Amino acid sequence: WKQGTYIQREPMTRDLIRRHLRRGMTEREVLELLGEPDQIYRASDFPNSHFVADRHYEYWVGSSSTMDTAMLYIHFDKSDCVVKVEIVGF
């Protein structure tokens with residue numbers, strides 16, 4: 001994952017969501033699978049938002065002239081468990 005280019009990460013990301021990233025996974029399991037995120041957002045940083053999770057990991061998937069910048073978001077609850085996984089930008 002970490003060494004992948006945008007061309008490699010796009011299909012990897014879809015496979016991760018289909019086969020590996022599941023609701024209820026722990027933060028530790030996600031970090032072991034993907035490594036450190038590119039960005040971490042906390043719901044408390046955005047008090048007027050309607051975030052459904054406590055913390056959000058953002059992983060850069062890629063961009064090119066034929067696709068928008070794409071991000072993988074993994075959302076965690078206060079128990080450090082995954083509540084939602086999504087790709088934004090494809």
Side-chain angles (χ1 to χ4, degrees):
W1 170 261
K2 285 288 187 185
Q3 302 300 322
T5 66
Y6 72 86
I7 292 169
Q8 296 164 321
R9 278 191 172 187
E10 188 268 331
M12 275 192 255
T13 303
R14 295 184 190 286
D15 184 64
L16 281 168
I17 290 174
R18 274 194 299 273
R19 297 193 204 192
H20 302 283
L21 293 171
R22 298 282 181 234
R23 290 181 73 165
M25 285 181 74
T26 66
E27 176 183 30
R28 183 177 182 176
E29 291 171 320
V30 171
L31 291 172
E32 287 174 4
L33 184 65
L34 299 177
E36 291 294 322
D38 296 304
Q39 187 72 39
I40 298 173
Y41 299 100
R42 298 188 183 288
S44 60
D45 296 336
F46 304 93
N48 295 325
S49 73
H50 298 286
F51 282 149
V52 297
D54 185 60
R55 195 171 58 263
H56 313 271
Y57 280 12
E58 177 183 88
Y59 291 90
W60 184 77
V61 174
S63 64
S64 74
S65 60
T66 59
M67 70 177 180
D68 294 333
T69 298
M71 309 302 280
L72 170 66
Y73 289 99
I74 303 173
H75 308 274
F76 296 90
D77 63 16
K78 291 182 181 188
S79 300
D80 297 332
C81 293
V82 173
V83 293
K84 184 177 181 182
V85 178
E86 64 183 325
I87 302 172
V88 175
F90 286 151

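This structure is a prediction, so every number in the text was calculated from the model and none was measured.
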Would you give the length of the straight line joining atom [atom1] of [X] to atom [atom2] of [Y], rounded to the nearest 0.5 angstrom?
X: His56; Y: Ile40; atom1: NE2; atom2: CD1; value: 11.5 Å
X: Ile17; Y: Ile74; atom1: CD1; atom2: CD1; value: 8.0 Å
X: Asp77; Y: Arg23; atom1: CG; atom2: CZ; value: 9.5 Å

What closest approach, in Å, do [X] and [Y] show between heavy atoms, and which atom pair accounts for it?
X: His75; Y: Ala53; answer: CB-CB, 3.6 Å
X: Gly24; Y: Cys81; answer: O-SG, 3.9 Å
X: Tyr59; Y: Glu36; answer: CE2-O, 3.4 Å

So [Y] and [X], do their side chains get closer than 4.5 Å, heavy atoms only?
X: Val61; Y: Leu72; result: yes
X: Val82; Y: Phe76; result: yes
X: Ser79; Y: Thr26; result: no
X: Leu34; Y: Tyr57; result: no
X: Trp60; Y: Met71; result: yes

Open item on the list: For the backbone of Arg42 and the side chain of Arg55, can you confirm whether one donor and one acceptor N or O come within less than 3.5 Å of each other?
Closed with: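 Checked: no pair found.
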Are more than 12 heavy atoms from other residues, nucleotides or ligands located less than 6.0 Å from atom CZ of Arg22?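 Yes, the 6.0 Å shell around CZ holds more than 12 heavy atoms from other groups.
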**Prompt:** For Leu21 and Leu16, what are the C-alpha separation, side-chain angles and deciding distance, and is it a side chain to side chain contact (heavy atoms under 4.5 Å, CB included)?
**Reply:** CA-CA 6 Å; Leu21 293 171; Leu16 281 168; 4.0 Å; yes
| Excluding sequence neighbours, so at least two apart, what forms side-chain hydrogen bond (donor to acceptor under 3.5 Å, both in side chains) with Glu32? |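 If we apply the side-chain hydrogen bond (donor to acceptor under 3.5 Å, both in side chains) test to Glu32, skipping adjacent residues, the hits are Arg28.
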Given Tyr73, which partner from the list Lys84, Gln39, Glu86 fulfils the side-chain contact (heavy atoms from CB on, under 4.5 Å) test?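 Of the listed residues Lys84, Gln39, Glu86, the side-chain contact (heavy atoms from CB on, under 4.5 Å) partner of Tyr73 is Glu86.
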